[in-house]
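A note on names: the letters A, B, ... follow the listed sequences, proteins ahead of strands, and every chain is numbered from 1.
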Amino acid sequence: MSFWMSGWRLVIAFIGTVIIVPIAGLILTWVDRFVSARVQWRKGPPFYQPFADILKLLLKQTVVPGGAARTVFLFAPLVAMASMSVVALMLFFSHFGLVINQRTSFLGDIIVLLYLFALVPIAFIVGASASRNPVAAVGASREMTLYIGYELPFVLAILVPIVKVVQKWDVASALRIGGLIAYQQQYGPFLYSISGIIAGIIILFVIQAKLGYVPFDIPEAEQEIMSGVLVEYSGAPLAGFKITRAMMFVLLPIFMITLLWGGIGDWWAILKFLAIVVLVVLMKNTNPRLRVDQALTFFWFILGPLGIIAVVLAFIGL
Amino acid sequence: MSDETKSRRIVPIGPYHPLQEEPEFFKLIVEGEKVVDLEIHIGYNHRGHEFISPELTYDQVPFLVERICGICSNSHPLAAVLAIEDCAGIKSPPRANFIRSIIHELERIHSHLLWVGLAGHFIGYNTVWMWAWRYREHILEVFEMITGNRNHYTVNKPGGVRWDIKPEYIPQIHAALDLVEKKTMMLTKAVLDDPVIRARLEGVGILTREQAIAWSVLGPTARGSGVDIDVRRDDPHAAYDQVPWNVIVLPEGDVFAKAKVRLLEIFESVRIIRGCLDNLPDGPIDVRIDEIPPGEGVGRTEAPRGEVFHYIRSDGSNRPIRHKIRAPSYMNIASNVVAVRGGSIADAALTLAAVDPCYCCTERMAAFEDGKMKYSGQELLRLSWEKTEKLREGLGKSHYQEGRLE
C-alpha cells in the first residue's frame, strides 16, 4: 500500500469520524433528555431536538463581549472540538485497523488520549477566562478545581490495566491501546477482576464529571452562576461546546469499554455502551449537585485512595 | 481601594432571577468563591395594592389582595376579611371558619410542595423538582373541584366564605390527601436520608435563634431557627383552636432545618384538614354585613411563609380609607444578609431560596433623596396621572400623526 493510498484513507476516515461521532452524540443527548423527562413525569423532546438546537445556534449571531480576548475566546471551542475529533479517530482506528492496525497503534497513545481529554476542560477554562465575565471567572475556577480533582483518580484507574499488561507482557504493549485490546482478547477483560471493578467505578464517576452532569455540573451550575463557563458564549461557538459535549458522551463510554471491558470489536459492545449510558443518566437524575470543595474531597480522599488500592491489587495480580 | 478589597468582585443574581423568575437583585460581593457581603435590592415591581384598595368596596377588596401573590392567594384575602370583620365587629359562622381552615391548609400543602420542588431544582436535583410539583397537582385539583379555580380561589368574603364544601366532595378530598400524604412521606424519606442532600444542606446558611429574633423573621424560617411562633396557635382564627395539631420547631437554623420544618408541616396540615372535614359543622356559610362602622381592624394569619398582617381603617362608608399590608417575605428576605455571609456562592444561591421568598408579596416603593422622603403617596399619584396624560398627548401627536401605528 502506497503512502498516498493510506493518506487518502486517513482523510476519508477522519471526515467520517468527525461527522458520525457528533451525530451519534447528539442522538445520545436526546436519549438522555428523553429518559430524564420520562423519569421526571415529563413528555420529553422529539428526537431531532438536539439537532434543531445546534442548527438554531449556528444561525444565531455570535456576540463577543466587549473587552474579551477575541481570538482566544473564539478559538477555545475549536480546540475542544478538534481534540475530541482526534480522540475519536484514535479510538476507532485502534479497533478497526483502518490505517493503523492493532499491532502498530503507536507507543504511548494512551498518554496522548489522556492529554486530549484534558484539553476540553482547559478550553473551557481558557474560553471562560477570556470572556472577562465575573460569573464565568467563578465557573473557570470551579472547572479548574474539578479538573484537578478528577484527574488524579482517573490516572490511577488507567494505571490498573497498564500494570496488568506490564506484568504479563512488556511496557511497549502496555502503553498502547492496541496492546490493551490484544491482552483483553487473550486473557479476558480487566473489568472481571477486583482491581478492574474498582477502576471501572472510578472511571464512571470521572465520566460524569468530564461530561459536566449532576452531581458534578458545578462549573456550569445554572442555578448558582447561570451556566458559568458558558455564560458569555452564543451562536456558533456555543454550538461548538455543545457538540464537544455530545462527542464526549459517545467517546468516554467507548474509552472505558476499550480500556477495561474488552474493546468495541464485537456486537456486545453496544450493550456495554448502553449500560454505561444508562448508569450515567441514572446518576444524573438521582443526585443533587455537590459543592466544589465537596467534589474535590470526594475525588481526592475517597476515589484517590480507592485508586491506589486498585493499583496495588493489580500489582498483586487480583 | 485597599489590598483587602482588591480581590473582591460582584456576582449578580438578578435583577431578573434566572430561576425564580421574579424581579429582585442580589449583589453578592465575593472573594473567589466566598461571599463576604450581600446587598439586597427590591422594588422592581411596584403594583400599588395599598393605594388601589381604598378605591374599592369592601366586597371587592378580597379580590384585589388575592392577586398580591399567586401562591399564597388565600392568606391575603383571609387576613383582609379578618380585618374587615374585626372592624365591623362580627363573627363568621362556624362552618365558614372550618372551610377557611381547610382551604388555608390545602394552600400550605401546595405552597410547601412547590418550595420543596424549587429547592431540589436549586441544588440541581431536578427529579425532586418534577415529582414534588406533580404531587402538588392533586391539591390544585381539589381546589378546582371546590372553587372552580386552581389558584385565586376567591373563597373568602367579609362575613364568611363564597364556596361551600359539598358532602360529595369530602371523599374525594380525603382520597387526594391520602395520596399526597403517602407521596410526601416518600419524598421526605428520599430527601432527608440522601447523604448528598444532607452534605449540601446541613450547616449551610445558619440563622441562629438570636439573629432570627433580631431580624424579625417569620414562619418556617423562624421555626427552623428555634423561634416558636405561629399565628395559627398564638392568635387563633378560623378553626385552628378546634382541631388538634402541632407547631413544628427545629433549633438548627440551617437550610436543612428549614426544609425539614416545611416537609413536616405538610403532615400537620393534612392532620388539620382531616380534623376539619370530620368535624365540619352544619349551618350557613356566611352572615350578612349591613354596615361597617367607623374604626379600625386588624387581621393576622399564618401564610405558608409566615405571618400576613392586614390593617383596615373605616370611616363608615363602603370603602376602607386605609389598607396596610405586611407580607412575611418582607421580613424574611432581609435576614439573608446574615445567613449568606461567609458561605460560598453555591450555598448563597440556596440560602437565598431557603426563606421561600415571594417577591410579588414584598414589593413596595418609596423615593428618598438625601435621607428625606421625596414624594408622598399623593404626589406619586399625581406624577403618574401626569405621566399618563403626557403619554396620551404624546401618542396623539407623534404616533398617529406620523402614521406609525396604522
Side-chain angles (χ1 to χ4, degrees), chain A residues 32-33 35-44 129 132-146 205 208-209 212-228 230-231 281-298 301-302, chain B residues 7-14 16-20 26-35 117-137 183 190-191 194-204 259 343-353:
Chain A
D32 163 40
R33 286 175 65 174
V35 173
S36 300
R38 285 301 152 108
V39 168
Q40 299 170 359
W41 301 98
R42 291 186 285 117
K43 202 161 175 278
S129 309
R132 222 185 148 205
N133 181 312
V135 172
V138 173
S141 94
R142 286 178 176 199
E143 179 87 57
M144 210 179 301
T145 317
L146 192 64
F205 278 112
Q208 201 80 5
Y213 281 168
V214 181
F216 304 117
D217 65 335
I218 309 159
E220 284 166 54
E222 50 172 309
Q223 292 90 350
E224 295 157 14
I225 50 172
M226 292 152 264
S227 68
L230 295 176
V231 69
V281 174
L282 262 183
M283 207 197 292
K284 180 185 165 191
N285 278 307
T286 52
N287 276 296
R289 183 186 310 115
L290 285 168
R291 221 164 43 216
V292 70
D293 55 312
Q294 290 167 341
L296 189 68
T297 314
F298 175 73
F301 300 113
I302 296 176
Chain B
S7 58
R8 290 189 177 178
R9 290 160 175 271
I10 291 171
V11 171
I13 299 183
Y16 187 73
H17 197 284
L19 274 176
Q20 289 171 322
F26 295 112
K27 251 189 201 175
L28 298 178
I29 298 161
V30 300
E31 278 172 10
E33 273 264 340
K34 195 176 160 228
V35 181
L118 264 184
H121 185 38
F122 265 88
I123 52 174
Y125 202 163
N126 288 349
T127 310
V128 164
W129 178 29
M130 290 295 165
W131 285 37
W133 283 26
R134 180 186 153 76
Y135 302 134
R136 174 177 169 261
E137 220 39 41
K183 297 298 183 184
V191 169
D194 190 318
V196 188
I197 289 187
R198 291 186 85 109
R200 269 315 296 280
L201 301 189
E202 271 180 336
V204 166
S344 72
I345 297 175
D347 291 340
L350 192 60
T351 312
L352 292 176

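Around the CZ atom of A:R33, the shell of radius 6.0 Å holds more than 12 heavy atoms that belong to other residues, nucleotides or ligands.
Ranked by non-hydrogen atom pairs under 4.5 Å with chain B, the options A:I218, A:V292, A:T286, A:N133 are led by A:T286. Most heavy-atom pairs under 4.5 Å with chain B: of the set A:V214, A:L290, A:D293, this distinction falls to A:L290.
No donor-acceptor contact under 3.5 angstrom links the side chains of A:N285 and B:Y125, judged on distance only.
At a 4.5 Å heavy-atom cutoff, the contact between B:R200 and chain A is made by backbone and side-chain atoms alike. Heavy-atom distances place no part of B:V191 under 4.5 Å from chain A, backbone and side chain included. For chain A, the nearby parts of B:N126 are the backbone and the side chain; heavy atoms of each come within less than 4.5 Å. Residue B:L28: no heavy atom, backbone or side chain, is found under 4.5 Å from chain A. The parts of A:V39 that come within reach of chain B are both its backbone and its side chain, each placing non-hydrogen atoms under 4.5 angstrom from that chain.
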Audit row: B:S344, B:K34, side chain to side chain contact (heavy atoms under 4.5 Å, CB included) steps and yes/no | CA-CA 4 Å; B:S344 72; B:K34 195 176 160 228; over 6 Å; no
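Pairing each heavy atom of B:D194 with each of B:A190, the nearest pair is CB-O, 3.2 Å.
Inter-residue side-chain proximity for A:Y213 and A:V281 is flagged as unmet; no heavy-atom pair is nearer than 4.5 Å.
Judged by distance alone, the side chain of A:Q208 and the main-chain N or O of A:F216 form no donor-acceptor pair under 3.5 Å.
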